[in-house]
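So the structure is just underneath, and the comments pick up after that.
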Amino acid sequence: SRQVCQLTDSEQVQFIDVAEVRTGLSLLRMRADNIDTYALSRDGATLAYCDGGAEVISLVDVTVPGIRQIDYACQAMLFLPGEARLLLSDGQVVDLQTGTTVGQFALAASYNKFPFVFIRAERNYIIIGSQVFNLETGAWLVDLPFPANIYDIAITPDELTLILLTDRG
């Protein structure tokens, strides 16, 4: 099944809602008054979030009540393929089972919010903004010569052409 996560306002109170896409069934609803950033794993099973200024990131299993925390400062984050690793906006890769840093992406700078991200797990690369990295090692591969404001990306089946939707059209 596939889940969707969104930040909603209800009577001046913010909530994070996670729901099953096909049925609309609510799986999780929690107050989000102080939540600055969050990420939902691709399989929809884990929600990671943090409060601004906090020194911990909270992890919630969507199907089982309970929260556990890992000791990392609040920052933008996203789940890497396999759902067991979290990429933080300062470039650290965190193993969610152990709560330890297991890698480092050589990002040009820390992000307040991630720019457009495209992951091609079967080819072992990730594009963050205009930088391309080895997905497994975090090593920088190349900077692509295109604008930073990317809204969507596609690659032709032969992987010879990169198609971008940018603020320039």
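- Across A106 and Q131, no two heavy atoms sit closer than the pair O-NE2, 3.9 Å.
- Tested against I126 for a side chain to side chain contact (heavy atoms under 4.5 Å, CB included), the candidates L141, V132, L80 yield a single pass: L80.
- Following chains of ILVMFWY side-chain contacts shorter than 4.5 Å, one can reach I119 starting from L107, so the two form part of one hydrophobic cluster.
- Every pair tested for salt bridge (Lys or Arg N to Asp or Glu O under 4.0 Å) that includes a residue from residues 55-75 fails, sequence neighbours excluded, so the list is empty.
- No donor-acceptor distance shorter than 3.5 angstrom exists from the side chain of S89 to the backbone of Q75, with no hydrogens or angles considered.
- At a cut-off of 3.5 Å, with distance as the only test, no side-chain donor of D95 or Q97 sits close to an acceptor on the other residue.
- Cluster annotation: I67 is not connected to L59 through the hydrophobic network of ILVMFWY side chains, with a link wherever side-chain heavy atoms come within less than 4.5 Å.
- L87 is listed as a side-chain neighbour of I128, based on a closest heavy-atom distance under 4.5 Å.
- Under the 4.5 Å side-chain heavy-atom criterion for Ile, Leu, Val, Met, Phe, Trp and Tyr, W140 and L135 are members of the same hydrophobic cluster.
- For residues 67-87, no residue pair satisfies the ring-ring contact (aromatic ring centres under 6.0 Å, His included) rule, not counting sequence neighbours.
- Under a hydrophobic-cluster definition in which Ile, Leu, Val, Met, Phe, Trp and Tyr are linked whenever side-chain heavy atoms come within less than 4.5 Å, directly or via other members, I70 and Y49 are assigned to different clusters.
- Each of L88, T37, I57, V56 was evaluated against C74; a single residue qualifies, T37, per the side chain to side chain contact (heavy atoms under 4.5 Å, CB included) test.
- The structure places CD1 of I127 at 10.5 Å from CZ of F133, a figure rounded to the nearest 0.5 Å.
- Side-chain atoms of N124 and N134, non-hydrogen and from C-beta on, do get closer than 4.5 Å to each other.
- The main-chain N or O of T100 is never found under 3.5 Å from a side-chain atom of Q92 such that the two would form a donor-acceptor pair.
- Within the 3.5 Å criterion, the main-chain N or O of T46 finds a donor-acceptor partner in the side chain of S41.
- One hydrophobic cluster, built from ILVMFWY side chains closer than 4.5 Å, cannot hold both L47 and L86; they sit in different ones.
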